[in-house]
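Following this message is one structure expressed as structure tokens.
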Amino acid sequence: MHTLLSKSNSFRNPTFTSLRSSNSFHTRLWNSTPSTSISSNTNISHGSPQDLSNSTSSSGCSGIRHFSHNSSFSVFQNGFKRIFSSGHCLNSVILRNFDGERSGTLKNQIFGTQSRSVCTEPDRESIEYDVVIVGAGPAGLSAAIRLKQLCREKDVDLSVCVVEKGAEVGAHIISGNVFEPRALDELLPQWKQEESPISVPVSSDKFWFLTKNRALSFPCPFDNKGNYVISLSQLVRWMGAKAEELGVEIYPGFAASEILYDANDFVVGIGTNDMGIAKDGSKKENFQRGVELKGRITLLSEGCRGSLSEKIIKKYKLREKEQSQHQTYALGIKEVWEIDEGKHKPGFVLHTMGWPLDRKTYGGSFMYHMNDRQVSIGLVVALNYHNPFLNPYEEFQKLKHHPAIKPMLEGGTVLQYGARTLNEGGFQSIPYPVFPGGAIIGCSAGFLNVPKIKGTHTAMKSGMLAAEAAFNVLHEGLNMETYWDNLKNSWIWKELYEARNYRPAFEYGLVPGLAISAIEHYILKGKFPFTLKHGKPDHEATNVAELHQQIHYPKPDGVLSFDVPTSLHRSNTNHEHDQPAHLRLRDPKIPELVNLPEYAGPESRYCPARVYE
């Protein structure tokens with residue numbers, strides 16, 4: 001399970017309205033007239049001892065959300081005919097038809113309306129764009145915005161589509177982030193004057209080493225001067241609105257479930273998941289086939305360990321191409337609290353290491369004070385931990401009872417709960433990010449800066465660089481490999497190179513790791529003459545159960561610590577009962593024959609939603 005995230009109603013931006021649909025894919029049309037009719041007759045698609053599952057997209061979808069800008073929007077389908085209505089015109093509009101050739105040359109006709117070429121096959125429809133982006137996170141939206149900026153600068157019109165599995169933009173991103181605005185300064189230099197949701201500068205930056213009963217203050221290795229404490233979900237919503245103002249089409253509520261290839265193994269887009277599938281695999285009454293979104297360029301920005309990105313990396317051997325190491329991962333568990341006003345210090349940032357984790361397990365906690373008496377608190381646990389009895393969720397519950405943490409939360413209320421994986425491989429684990437027909441951007445490629453615990457700014461910059469390369473491919477006939485060249489010449493590469501030895505230093509334990517990383521950070525400043533290597537892949541680092549004692553965790557008190565069902569309710573995670581399981585075992589015999597007898601069934605403990613029970 002890579003993401004268990006939520007957005008509670010209290011976090012939604014009230015300026016955005018919602019459009020819901022349970023059984024139809026919506027092709028957006030912005031038009032200056034109240035309604036337009038278009039007819040088309042053209043025919044054109046952890047840490048476990050064993051890797052337990054392949055993650056697949058859930059086929060159920062209760063609805064979608066759009067930034068509708070208070071406009072009405074509806075779709076009626078009858079054969080090939082579609083009727084659209086909208087209340088506002090955002091930009092000039094062009095009806096596009098593809099000439100059917102592999103190059104995707106466009107024939108443009110000005111009609112005063114805008115659409116994509118909507119086509120049907122015997123089994124599903126196909127919509128064609130110049131660029132298809134998977135994932136409406138910081139990387140994907142930065143790529144979309146940069147593409148449209150270049151279109152305006154060069155007076156070129158390219159169609160850009162972003163598909164997002166969340167019910168709305170930002171739905172799969174939980175609040176709480178220390179944001180470095182470097183990439184945003186480049187992308188949208190006027191953001192401070194445009195009412196962006198970035199208003200709380202870092203006011204205090206602390207670093208503690210925790211023992212069971214004490215908090216020892218250390219010099220802070222994080223330089224957060226000029227950074228901001230933000231809600232990342234609010235930021236991507238704001239970026240989504242900016243993208244739409246530029247003419248980007250965003251489709252929330254649809255998961256990209258497959259990569260589309262041509263006869264030459266060239267990526268030509270993605271397919272969305274089928275909807276209306278019952279748990280037994282049969283088609284329900286509301287069944288609808290997924291849609292093909294075809295693009296001349298496809299950019300994958302799914303986040304950490306995106307399923308399509310991983311398939312692409314394996315298929316085209318992108319790690320082998322650059323001789324990069326395996327990726328390493330961590331699990332981050334987070335809650336958002338509302339605390340007493342007297343305890344709230346907007347901009348206060350705290351990071352810790354040590355307790356409650358043992359000295360052979362890499363990880364640490366964080367606390368960020370946001371706006372409106374809200375505090376984000378979380379624990380990050382590296383997934384190469386040795387003890388199969390370790391339970392990251394329970395370790396997080398213990399953390400909140402520490403004598404230095406508990407007083408800050410007492411009297412407060414939990415608003416949100418969520419968890420997600422982080423890629424911590426850094427510089428050593430970056431794969432070659434270009435594949436035939438597109439590129440991998442953001443955390444899908446692994447640009448997280450581990451010592452900074454920041455990846456938003458690097459993800460955004462990678463999206464911008466990929467957008468510039470894609471524009472040059474489509475407009476000037478250059479090669480997509482320029483993305484890789486520009487990436488290596490960018491500040492991303494310099495930043496990750498200087499931080500490359502921080503995470504692997506902790507392979508030797510907590511104390512040696514602190515010593516090596518301190519020398520690297522304070523004395524050598526990233527110029528260590530050697531590049532340390534990562535140890536075993538995470539799943540191989542887990543020891544058999546007989547080498548460890550079982551860990552007995554205290555029962556939750558319902559005030560500071562909570563059981564899993566209570567937390568899941570706060571995550572607003574909802575799934576229909578009658579839908580296929582989104583996790584499938586590669587070998588159903590392994591849990592019974594290997595994991596349980598040899599490792600005491602760690603899958604019942606490492607997942608913060610206990611989906612394997």
Side-chain angles (χ1 to χ4, degrees), residues 1-6 46-53 55 172-174 176-177 232 302-307 310 326-336 351-358 360-367 376-400 416-426 429 443-444 446 448 450 453-455 503 506-507 534-543 551 553 561-562 564 567-568 570-571 573 582-583 595 599 601-613:
M1 166 162 185
H2 305 310
T3 305
L4 166 68
L5 245 14
S6 68
H46 126 64
S48 65
Q50 298 288 334
D51 191 354
L52 289 177
S53 63
S55 178
H172 281 197
I173 300 177
I174 195 169
N177 177 284
L232 188 58
E302 302 171 279
C304 177
R305 198 169 167 77
S307 57
E310 290 299 312
H326 58 270
Q327 186 60 261
T328 65
Y329 299 95
L331 175 65
I333 304 174
K334 181 190 294 185
E335 291 174 345
V336 177
H351 293 96
T352 79
M353 291 193 74
W355 191 90
L357 302 178
D358 62 69
K360 292 184 179 180
T361 301
Y362 176 77
S365 73
F366 58 86
M367 177 181 285
S376 174
I377 180 171
L379 178 70
V380 177
V381 182
L383 295 185
N384 64 342
Y385 59 78
H386 298 167
N387 188 345
F389 293 107
L390 189 145
N391 185 320
Y393 178 86
E394 297 294 348
E395 296 290 333
F396 175 52
Q397 303 310 309
K398 283 172 59 178
L399 168 72
K400 293 180 288 181
Q416 280 185 300
Y417 165 80
R420 62 160 294 176
T421 49
L422 310 171
N423 30 29
E424 293 191 335
S429 300
C443 287
S444 290
L448 178 76
V450 177
I453 322 179
K454 294 181 182 65
R503 176 63 184 89
F506 286 87
E507 293 287 339
H534 297 298
K536 299 176 181 178
D538 295 338
H539 65 281
E540 294 181 9
T542 307
N543 292 333
I551 302 174
Y553 291 101
S561 51
F562 309 94
V564 171
S567 292
L568 287 179
R570 292 181 176 131
S571 74
T573 302
H582 68 288
L583 292 172
N595 293 349
Y599 299 91
E603 62 270 30
S604 65
R605 292 180 290 275
Y606 62 64
C607 177
R610 294 185 182 170
V611 298
Y612 293 104
E613 290 189 341

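One-based numbering along the sequence shown.
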I need the minimum non-hydrogen distance between P608 and A419, along with the two atoms involved.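 It is CG-CB, 3.6 Å.
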
Indicate yes or no: at least one non-hydrogen side-chain atom of R305 is less than 4.5 angstrom from one of Q327.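 Of all side-chain heavy-atom pairs linking Q327 with R305, none is under 4.5 Å.
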
Once you round to the nearest 0.5 Å, how far does NZ of K334 lie from CD1 of I174?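 CD1 of I174 is found 6.0 Å from NZ of K334.
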
Looking at every heavy atom in both Q397 and F562, which two are closest together, and how far apart are they?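 It is OE1-N, 3.0 Å.
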
What distance do E395 atom CD and L379 atom CG have between them, rounded to the nearest 0.5 Å?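 If we round to the nearest 0.5 Å, E395:CD and L379:CG are 7.5 Å apart.
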
Identify whether NZ of Lys or CZ of Arg in R605 sits under 6.0 Å from the centre of the six-membered ring of Y553 and within 45° of that ring's axis.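 No cation-pi geometry.
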
Using modelled atom types and a 3.5 Å cut-off, is there a donor and acceptor pairing between side-chain atoms of S444 and backbone atoms of G303?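 Yes.
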
For F396, run the side-chain contact (heavy atoms from CB on, under 4.5 Å) check against N391, V380, I333 and tell me which one passes.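 For F396, the side-chain contact (heavy atoms from CB on, under 4.5 Å) check succeeds only for I333.
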
Roughly how far, to the nearest 0.5 Å, is the CG atom of L383 from the CG atom of L390?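 It comes to 10.0 Å.
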
Name all residues meeting the salt bridge (Lys or Arg N to Asp or Glu O under 4.0 Å) criterion together with E335; count only those two or more places apart in sequence or in a different chain, and write none if there are none.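 Residues passing salt bridge (Lys or Arg N to Asp or Glu O under 4.0 Å) with E335: K400.
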
Partners passing side-chain contact (heavy atoms from CB on, under 4.5 Å) against T352 (at least two apart in sequence or in another chain):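 Expected list: W208, L210, L350, S365.
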
Donor-acceptor pair, distance only, cut-off 3.5 Å: does the side chain of H326 make one with the backbone of G535?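 Judged by distance alone, yes, a pair lies under 3.5 Å.
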
Indicate the atoms forming the closest heavy-atom contact of L232 with N177, along with that distance.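 Where L232 meets N177 most closely, the heavy atoms are CD2-ND2, 4.0 Å.
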
Excluding sequence neighbours, so at least two apart, what forms ring pair (Phe, Tyr, Trp, His ring centres under 6.0 Å) with F366?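 F366 satisfies ring pair (Phe, Tyr, Trp, His ring centres under 6.0 Å) with Y368 only.
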
For the backbone of H386 and the side chain of K360, can you confirm whether one donor and one acceptor N or O come within less than 3.5 Å of each other?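 A pair under 3.5 Å: no.
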
Would a distance-only check, ignoring hydrogens and angles, find a side-chain to backbone donor-acceptor pair under 3.5 Å from D538 to Y329?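 Checking the backbone N and O of Y329 against the side chain of D538, a donor-acceptor pair under 3.5 Å is found.
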
Which heavy atom in R503 sits nearest to a heavy atom in N384, and how many Å separate them?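 So the minimum-distance heavy-atom pair works out to NH2-OD1, 3.2 Å.
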
Under the ring pair (Phe, Tyr, Trp, His ring centres under 6.0 Å) rule, collect the residues that match up with Y362, sequence neighbours excluded.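 For Y362, the residues satisfying ring pair (Phe, Tyr, Trp, His ring centres under 6.0 Å) (neighbours in sequence not counted) are F506.
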
T328 side chain vs G425 backbone, donor-acceptor pair below 3.5 Å: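 Checked: pair present.
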
Before accepting this row, confirm whether a basic side-chain N of the pair E394/R610 lies closer than 4.0 Å to the acidic partner's carboxylate O.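 Result for this pair is yes, salt bridge flagged.
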
Minimum-distance pair of heavy atoms, taken over all atoms of L422 and C304: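 Residues L422 and C304, closest heavy atoms: C-SG, 3.7 Å.
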
Going by side chain to side chain donor-acceptor pair (under 3.5 Å), name the residues that satisfy it together with S376, two or more places apart in sequence or in a different chain.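 Applying side chain to side chain donor-acceptor pair (under 3.5 Å) to S376 gives none.
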
Hey, could you give me the NE2/CD distance between H534 and E424, rounded to the nearest 0.5 Å?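 One finds 9.0 Å between NE2 of H534 and CD of E424.
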
Specify the closest pair of heavy atoms between V381 and P392, including all atoms of both residues, with the distance to one decimal.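 The pair with the smallest heavy-atom distance is CG2-CB, 4.2 Å.
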
Taking atom NZ as the centre, does K398 end up with more than 12 heavy-atom neighbours from other residues, nucleotides or ligands that are less than 6.0 angstrom away?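 It does: K398 NZ has more than 12 such atoms within range.
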
With sequence neighbours excluded, what pairs up with K536 under the side-chain contact (heavy atoms from CB on, under 4.5 Å) test?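 For K536, the residues satisfying side-chain contact (heavy atoms from CB on, under 4.5 Å) (neighbours in sequence not counted) are E540.
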
